[in-house]
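Below you'll find the structure, written out as structure tokens, and then a few comments.
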Number of protein chains: 2
Amino acid sequence: MPRESPTFSPLYRQIKSLIGRALESGEWRPGASIPSEVELAQRFRVSQGTVRKAIDEMAAENLLVRRQGKGTFVASHDDPRTHFRFLRLMPNSGAVEAPLSVPLECLRAKAGQEVARVLGIEPGAPVILIRRVLKFADRPTVIEEIYLRGEAFPGLNLAILKEAHRSLYSLFEVRFGVRMVRAEERLRAVAADRGSAELLGVAEGTALLSVERIAFSYGDKAMEWRRGLYVTREHFYHNELS
Amino acid sequence: MPRESPTFSPLYRQIKSLIGRALESGEWRPGASIPSEVELAQRFRVSQGTVRKAIDEMAAENLLVRRQGKGTFVASHDDPRTHFRFLRLMPNSGAVEAPLSVPLECLRAKAGQEVARVLGIEPGAPVILIRRVLKFADRPTVIEEIYLRGEAFPGLNLAILKEAHRSLYSLFEVRFGVRMVRAEERLRAVAADRGSAELLGVAEGTALLSVERIAFSYGDKAMEWRRGLYVTREHFYHNELS
DNA sequence: GAGTGGTCTAGACCACTGC
DNA sequence: CAGTGGTCTAGACCACTCG
């Protein structure tokens, strides 16, 4: 028997993509609550169980957060519980500690070949370049170069970065409505060049952990490309495999 | 109103832990199929939906694998689809390629302080130490020191390692019934010492990616501690954040 | 107490696999 | 065709939060 519907898609997946589109369109902002299951079931003309299954999957993907008795919320980097999902650097011993971000530069530029390819934009399109240092316990531990899609962050400048006492991704959400949903990282070990060594207070040639990241917003749209150099003497990069 | 049942646990969680215990006890071996949902529902005296929810969660945790029309199976490292979940080294360009494992040593020893602590065993308890090299495209790229709980791998020796043309974790499953369920890794950048540099064919002092791993079997029992040193000139360590 | 998500059930039907 | 997992529904009841 031939498959009659090669594009078969269950109802709950369609609901999922409808909710996904609502998220993309900004109908509900990060941290805000979405309508209750019964309301959504009425809106989409399906049973509550079908909405439930759609939401379950989106919660598993960290797009939504369920809180019994309160409602379902759009996931946000403001939530401290999800705060260390993207920063994997842990101290060798002692309690985890939020780093202090020290922005150095915030420049507007035109995308070169490589940045354009990674972000999926045209060469020459506007980008923003941020350079910063992260300090743990007052010690410079990470330096980062961050490229952003220029059109998505109008008005972003060094002053804003310096004022903001929250994580970068929190700032992006609150100020620009841009939520980073997932990211891919590539890790390598490299030797510190002169400039990096100076900023990090280590000897030239010291082994550093290079972390390249592409971060995606809703719809798998690449919004950010960054490269970090981590000093891993007092810290390590933590990863869970399962 | 005070909580009357602070230890409230839904039915499906109890089913989950029953299935989990059956897995631990080896009632169903890795790769084998478990009873159908209706059978399990009858056995546990619950509805099929409740069994379903339990299995759903265990599939999400990579303990079980569902295959529509065929049944539900105990997850296995033999399955090529899950083969690269624990080996995160990818080539800078070109297709992914399985490495060639070259075992160098396989020794029986007594656990020292550190290994005992990590594996949760008594100092002096038997352990196995394996040293090996992984080659990609005929180039040594990774060296590893692997400590195993001695009592769980009776008879393991260098000859067995050399004969086995499968991944280490596959071997553990097929030969010893030990399945690694999850692992924690700590990554750092370090400089190559003389011995490592020689084995890897790089200059002394070259920056290497140090990957420490603790691997756990069912019941979160630490079975393995390993440290790898990766050459990251032609490869990178890949990670997904979400 | 009203409203939310969470659990559990029972039943009907669909999609996929293999004999 | 029988057997498996996958979807969808409807309804009852439970646990949690807040006013």
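Residue numbers begin at 1 in each chain, while the letters A, B, ... track the order of the sequences. Note that these values count all heavy atoms, side chains included, but never hydrogens, waters or copies made by symmetry.
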Reading nucleotides 1-6 of chain D from 5' to 3' and marking B where a protein heavy atom lies under 4.0 Å of the base, S where only the sugar-phosphate is that close, and - otherwise, the string is --BBBB

Thinking salt bridges, do B:Arg182 and B:Glu184 make one under a 4.0 Å N-O criterion?
-> yes

Proximity of B:His77 and B:Phe172 rings by center, below 6.0 Å | no

Mind calculating the distance between NZ (A:Lys16) and C1' (D:dT7) to the nearest angstrom?
-> 15 Å

Would you kindly give the CD1-to-P distance between A:Ile15 and D:dT9, to the nearest whole Å?
-> 8 Å

List in chain and number order the residues that pass salt bridge (charged side-chain N to carboxylate O under 4.0 Å, His left out) with A:Glu57, two or more places apart in sequence or in another chain; answer none if no residue qualifies.
-> A:Arg13, A:Lys16

Might you work through the salt bridge (charged side-chain N to carboxylate O under 4.0 Å, His left out) test for A:Arg227 and A:Glu212, ending with a clear yes or no?
-> CA-CA 4 Å; A:Arg227 182 178 185 214; A:Glu212 264 182 77; 5.2 Å; no

Measure the distance from CZ on B:Phe8 to P on D:dC13 and round it to the nearest whole Å.
-> 16 Å

Heavy-atom neighbours of B:Arg85 CZ exceed 12 at 6.0 Å = yes

Residue-phosphate contact under 4.0 Å: B:Thr50 side-chain N/O, C:dT9 OP1/OP2 = yes

To the nearest Å, give me how far apart CD (A:Glu57) and C1' (D:dT7) are.
-> 12 Å

Taking the six-membered ring where the residue is Trp, are the ring centres of B:His235 and B:Tyr230 under 6.0 Å apart?
-> no

